[in-house]
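Notes follow the structure.
Counting starts at 1 for both ligands and their atoms, in listed order.
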Amino acid sequence: MTTNKKMGLTTQDAQALQEQYGKNELTAGKKQSFFIKTLHIIAEPMFLLLIVAAIIYFVLGEPRDGAVMLIFVIGIISIDVIQEWKTDKTLNALKELSAPHVTVIRDGEELMIASVDLVPGDTMIIAEGVKIPADGEIIKANDLCVDESSLTGEAEGVWKVTVDNAEESDDYWRRDYCYAGTLVTQGNAHVLVDKIGALTEYGKIGTSVASAEEKPTPLQKQTGSLVKLCAGIAAVLCALVGVITYFNIPEHVFKDRIIESILSGITLAMAMIPEEFPVILTVFLSMGAWRLAKKNSLVRKLPSVETLGAVSVLCVDKTGTITMNQMTVTDIWARNSDEDELCEMMGLGCETEAYDPMEKAMVRYCEKCGFSKEHLFGGELITEYAFTNELKMMGHVWHHDGEIIVAAKGSPERMLTICILTDQERLEVNDKIAEMSKKGLRVIAVGVMKPQTEAEIPKTITQAKLRLLGLIGLADPPREAVKEDIKNCTRAGVRVVMITGDNGITASSIAKQIGIPNCDHIITGDELNLMSDEVLQEKVKNVSIFSRVVPEHKMRIVKAFKANGEVVAMTGDGVNDAPALKTADIGIAMGKRGSEVSREAADLILMDDNFSTIVSTIEDGRRIYDNIRKAVGYVFTIHIPIAFSCLFAPLLGVSTTNLFLLPLHVVILELIIDPTCSIVLERQPAEHDIMDRKPRNPNESIIPGKTLAKSVIQGLVIFGTSFGTYFMFLGQGNTPLARTMGLVIIMLANLVLVQVNSSNQDFVFQSMKRLIKDKVMWAINIGTIGGILVILYTPLSAFLKLYPLTIEQFFMAAGIAILSVIWYEAVKLVCWLRKKRNN
Ligand code: ADP
Ligand code: MG
């Protein structure tokens, strides 16, 4: 295959090649068929109960009831299938957004494509931090170093060369070739893709590439056991009700008695199983993730959405997250007042193609002082000392204007160790460094050495003996909103911890500017090295700044916080940040400047690299958790009148034909409960005080005692009013009328309940005012009322064993329904008054 290396493939070629070779993936994504999914839903205990009930109707010789029942069952199944389909779609869209991408050259232009769309013949551009997506030959390379340990087990990075420069070798692993699944740790290159998908070396060994099975989240586990508990109680009560029913109808023949008892038992079981819980969780979490994605924060793992609300410590990188990462040279101090020399050497010490914002700023400054790039980088580059996080300095050796020049720059502490200075001079320089750092500037020292011959060029930068030229001060102003955000975090009980490679004084000055509390306590990377884990664990309780750290330290910092029981969120962008990101409860990668590897390790990707987005994401996490809690409470509440009615009617000796709720009616209620909570409560905006509370205790139960008590009392009141009304009307001898009154009360109470419980503090008129513009709310309310009218006033009512109420009766039911829920507003009022008095 011939491809023009400069132009890359054309779009048509790429399409044709994709048809020929398929997608660049190891296993084609399997899709669960629609049929299987529906089967899964039907296999839920709830539906089995429903189906059994329908069958019993047929056996009882009441096919009409059986048929109506089946129709409703189909209704519920459709709702579930639609919901599942929607969450699936949402989750897939999210996955696609966070899927790996790669830069390729197509039609002569650089283009970002999803890595799965890579085809053999593509020219891909890889750079530091990229996980290589396919095998290919290196056609152009710059300092390319690749970590191939995932394939070869060899921890040492491999320095790569281009195909043209490759020496003959019979090693299996080629130096002029890149392999899928390996990491670029330094440099960049153009690679001509040769093999994709399962044909790559990585594909051949087939390392556990099948995506990990999704584990249930802590919430899912909690609700799972809650559902089991309810099901257990339901089973016991179901048997009890069955037995009671059996004795309630001694006049029936034996077979009928048995069937009737089974039926009433099943009705109770149906009313008691809170099968909405798992649905609520998936819907709320995935919708939450979707809403977050629209606000620039991409959730990679669904459980993170629930953890977010519990975050108590937020560790952030200073550069780029807290600051704008827009550096400018603002101060310059030349030791022998030769600013020109200082400036020129600083330029010579920069990368020829600067991508670091700091170096860009330096080169810009040089240009301003009259040193063009052509002048600076026109000579011959003899060798270079690469920057590493440990050294914190770097240098270049040039043939420049007929001289050999070693130009180096880096953090002053390190540079001073390789500069020749008297003690007196050293003191002077240190004073100057402190003075500049206090202004919040990043200080860089520049030094030079001019060897006579190439043989005298130092092998490593640490062996150099330099003449210190001076200091450069660079400003990187904090982002505008950061101050406000930190205030919000402090109020919300979330500690902000700043982590930086910069010097402590600079860091503390920036921290002061943005209002991080405790900004005088600093731990440096060197101190960290000497500290035991226990001491560190004690120290992190009031230290919020870590300076001169390397990415490897982050891991220890995270662990120390976690050992104190904190829930830690941590940002990271580099390749070396990946382990810390994985260890943190919430690893946050940068979408813009982050490396592919860090994104893969993260739970959350910040599309705009902005600190403010993290804070609003935490707020959203709290809102989502709040809403889940409200929904769970609501489901509890609304199940109580239904379950108790099914339990009490037989207990009170009501005969089987006069029962309050027949299976049909339970189904109708289920039909409105599910959508109401998963749609209405999911949309609830955050409570006003959501960022005034302390972070939630991660071990707290989803439905704490207070909420449970509230739900139970609310449920009991609704039960009292609806069942009481039914029982009263039953005395008049008209069962369908009695039943309809009770049922309408529950259905309308349900509507009011959602409004009342949508906020713990706002009064119902306030929430209604907020939601009045929301079309979905209208749809739900009008839908429920329309539904009631249809089942009451159309021929359907006879089928459903209901009775068309008169206007007066209808309004009576409505009045009772409203009263049975609205009383809770008085509780809110009391709380409000009490709070006001306390303030
Ligand atoms: P941060 O964590 O704040 O982004 P870095 O790890 O990027 O900090 O840098 C740490 C220190 O290393 C800087 O304060 C600076 O002294 C030095 N440094 C960083 N980049 C360069 C560079 N390109 N040349 C020389 N020194 C550098
Ligand atoms: Mg940096």
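- Polar contact check, Asn503 against ligand 1: no nitrogen or oxygen pair lies under 3.5 Å apart.
- The closest side-chain donor-acceptor pair between Asp476 and Gln326, if any, does not fall under 3.5 angstrom.
- When the heavy atoms of Met498, Lys392, Lys409 are ranked by distance to atom 24 (N) of ligand 1, first place goes to Lys409.
- If you look at Glu359 next to ligand 1, the close heavy atoms, those under 4.0 Å, all belong to the side chain.
- Shown in contact with Ser411 at under 4.0 Å from a heavy atom are these atoms of ligand 1, numbered in order with element: 16 (O).
- Taking the charged nitrogens against the carboxylate oxygens, Lys554 and Asp577 do have a contact shorter than 4.0 Å, which makes a salt bridge.
- Here the OH atom belonging to Tyr385 is positioned 6.5 Å from the CD1 atom belonging to Ile457, to the nearest 0.5 angstrom.
- Here atom 21 (C) of ligand 1 lies nearest to Met358 when heavy atoms of Arg548, Glu351, Met358 are compared.
- Every atom of ligand 1 with a heavy atom of Thr319 under 4.0 Å away is listed here by number and element: 1 (P), 3 (O), 4 (O).
- Using a 4.0 Å cut-off between charged nitrogen and carboxylate oxygen, Arg599 and Glu596 count as a salt-bridge pair.
- Numbered from 1 in the order shown, with element, the atoms of ligand 1 that lie under 4.0 Å from a heavy atom of Ile444 read 15 (C), 16 (O).
- Which of Gly501, Pro551, Gly349, Gly525 comes nearest to atom 10 (C) of ligand 1 through a heavy atom is settled by distance: it is Gly501.
- Inspection of the Ser149 and Asp147 side chains reveals an N or O donor paired with an N or O acceptor under 3.5 Å.
- Pairs engaging residues 407-432 under the salt bridge (Lys or Arg N to Asp or Glu O under 4.0 Å) rule: Arg335-Glu425, Glu359-Lys409, Glu413-Arg548, Lys432-Glu435 [sequence neighbours left out].
- Contacts with ligand 1 closer than 4.0 Å are made by no heavy atom of Asp317, backbone or side chain.
- Side-chain contact of Ser598 with Ser595: a donor-acceptor pair under 3.5 Å is present, judged by distance alone.
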